[in-house]
Amino acid sequence: MNIQIFGKKKCFDTKKAERYFKERNIRVQMIDMAEKGMSKGEFTNVKQAVGGVEALIDENCKDKDLLALLKYLSPEDREEKLLLNPQAIKTPVVRNGKKATVGYRPEIWKEWEE
């Protein structure tokens, strides 16, 4: 398994995801969304795996102006805006090749191990 976790340092779900894989001795590549973010290719793969851009938007984001803007943009513009503003992406985003999850989803990660 080749696990990548896109998250934020202060996000408790990101810390729980890291701990989940660490407890199972699975090597993880951690990427800080605030520092680095996602490339366009990674974003596209994750978006397809989770069922669209709507699943990636964090409704509890502190930037309420950005959230309001995202609701009224066209889907193409919404993707571009999310790429430029990774703080509005729900974390953790966990990738395993072409598979991905958004949020803390241990039931799905367990299936990846099998």
Side-chain angles (χ1 to χ4, degrees):
M1 280 196 333
N2 185 19
I3 303 293
Q4 285 183 316
I5 299 177
F6 294 89
K8 300 171 189 154
K9 287 181 181 170
K10 293 185 178 181
C11 173
F12 290 114
D13 283 344
T14 299
K15 291 177 184 177
K16 287 185 343 189
E18 281 185 89
R19 189 173 39 240
Y20 176 89
F21 291 107
K22 189 175 186 178
E23 288 172 354
R24 287 154 182 79
N25 293 323
I26 298 170
R27 206 170 63 80
V28 170
Q29 179 186 8
M30 181 61 198
I31 295 126
D32 187 7
M33 292 282 275
E35 248 177 62
K36 192 161 184 207
M38 280 188 201
S39 72
K40 187 151 178 79
E42 288 168 333
F43 182 82
T44 303
N45 287 342
V46 168
K47 179 187 71 171
Q48 289 172 345
V50 298
V53 90
E54 295 302 318
L56 289 169
I57 297 174
D58 183 5
E59 297 297 329
N60 299 321
C61 174
K62 291 180 181 174
D63 191 347
K64 299 301 179 193
D65 294 336
L66 178 61
L67 275 178
L69 178 64
L70 286 170
K71 288 184 181 185
Y72 296 105
L73 287 174
S74 68
E76 302 84 34
D77 294 338
R78 191 175 301 141
E79 287 178 31
E80 197 63 40
K81 200 64 156 171
L82 261 182
L83 265 174
L84 295 173
N85 299 284
Q87 73 269 19
I89 296 176
K90 193 183 298 182
T91 56
V93 175
V94 180
R95 278 186 67 202
N96 179 18
K98 293 284 185 190
K99 300 173 190 165
T101 61
V102 177
Y104 184 69
R105 306 292 301 271
E107 65 279 358
I108 295 175
W109 304 334
K110 191 174 191 92
E111 292 172 14
W112 292 352
E113 294 176 51
E114 297 166 1

**Request:** With rounding to the nearest 0.5 Å, note down the distance linking CE in Met33 to CG in Asn85.
**Result:** 11.0 Å
**Atom pair CZ (Arg95) and OG1 (Thr101), whose distance is rounded to the nearest 0.5 Å** = 11.5 Å
**Shortest non-hydrogen separation from Arg78 to Leu73 and the atoms involved** = NH2-O, 2.7 Å
**Request:** Measure up the Phe21 and Trp109 rings against each other and bin them: parallel (under 30°), tilted (30 to 60°), perpendicular (over 60°).
**Result:** tilted
**Request:** Decide side chain to side chain contact (heavy atoms under 4.5 Å, CB included) for Leu82 and Lys47; before the verdict, give the C-alpha distance in whole Å, the side-chain angles of both, and the deciding distance to 0.1 Å.
**Result:** CA-CA 11 Å; Leu82 261 182; Lys47 179 187 71 171; over 6 Å; no
**Spatial distance of atom CZ (Arg105) from atom CH2 (Trp112) [nearest 0.5 Å]** = 10.0 Å
**Asked** Ion pair present between Lys71 and Glu54, side-chain N to carboxylate O less than 4.0 angstrom?
**Response** no
**Asked** Does any non-hydrogen side-chain atom of Tyr20 lie less than 4.5 Å from one of Lys110?
**Response** yes
**Item:** Over 12 foreign heavy atoms within 6.0 Å of NZ, Lys64
**Value:** yes
**Request:** Can you see which heavy atom on Leu83 is nearest to which on Ser39, and at what distance?
**Result:** CD2-O, 4.1 Å
**Heavy-atom closest pair, residues Ile31 and Gly37** = CG2-O, 3.9 Å
**Non-hydrogen atoms of Phe43 and Met38 that approach each other most closely** = CA-SD, 3.8 Å
**Request:** Check Ala17 against Pro92 and note the closest heavy-atom contact, atom names and distance.
**Result:** CB-CG, 3.9 Å
**Path from Phe6 to Leu66 over hydrophobic side-chain contacts below 4.5 Å** = yes
**Verdict with supporting geometry, Gln48 and Lys98, side chain to side chain contact (heavy atoms under 4.5 Å, CB included)** = CA-CA 9 Å; Gln48 289 172 345; Lys98 293 284 185 190; over 6 Å; no
**Request:** Apply the test side chain to side chain contact (heavy atoms under 4.5 Å, CB included) to residues Thr91 and Asp13: give CA-CA distance (whole Å), side-chain angles for both, the deciding distance (0.1 Å), then the verdict.
**Result:** CA-CA 7 Å; Thr91 56; Asp13 283 344; 6.0 Å; no
**Prompt:** Counting only heavy atoms not in Lys81, do more than 12 sit closer than 6.0 Å to its NZ atom?
**Reply:** no
**Prompt:** Distance-only, no hydrogens or angles: does the Lys90 side chain make a donor-acceptor pair with backbone N or O of Asn60 under 3.5 Å?
**Reply:** no
**Complete:** Output for pair (Asp58 CG, Lys8 NZ), nearest 0.5 Å, gives 5.5 Å
**Request:** Over all heavy atoms of both residues, which pair between Gly7 and Thr14 is shortest? Give the atoms and the distance, please.
**Result:** CA-OG1, 3.6 Å
**Prompt:** Do other residues, nucleotides or ligands put more than 12 heavy atoms under 6.0 Å from Lys16 NZ?
**Reply:** yes
**Request:** Taking the side chain as every heavy atom from C-beta outward, state whether Glu42 and Val93 have any pair of such atoms under 4.5 Å apart.
**Result:** no
**Message:** Rounded at 0.5 Å granularity, tell me how far CG in Asn96 sits from CG in Asn2.
**Reply:** 7.0 Å
**Asked** Between CD1 of Ile3 and CE of Met30, what distance do you get to the nearest 0.5 Å?
**Response** 13.0 Å
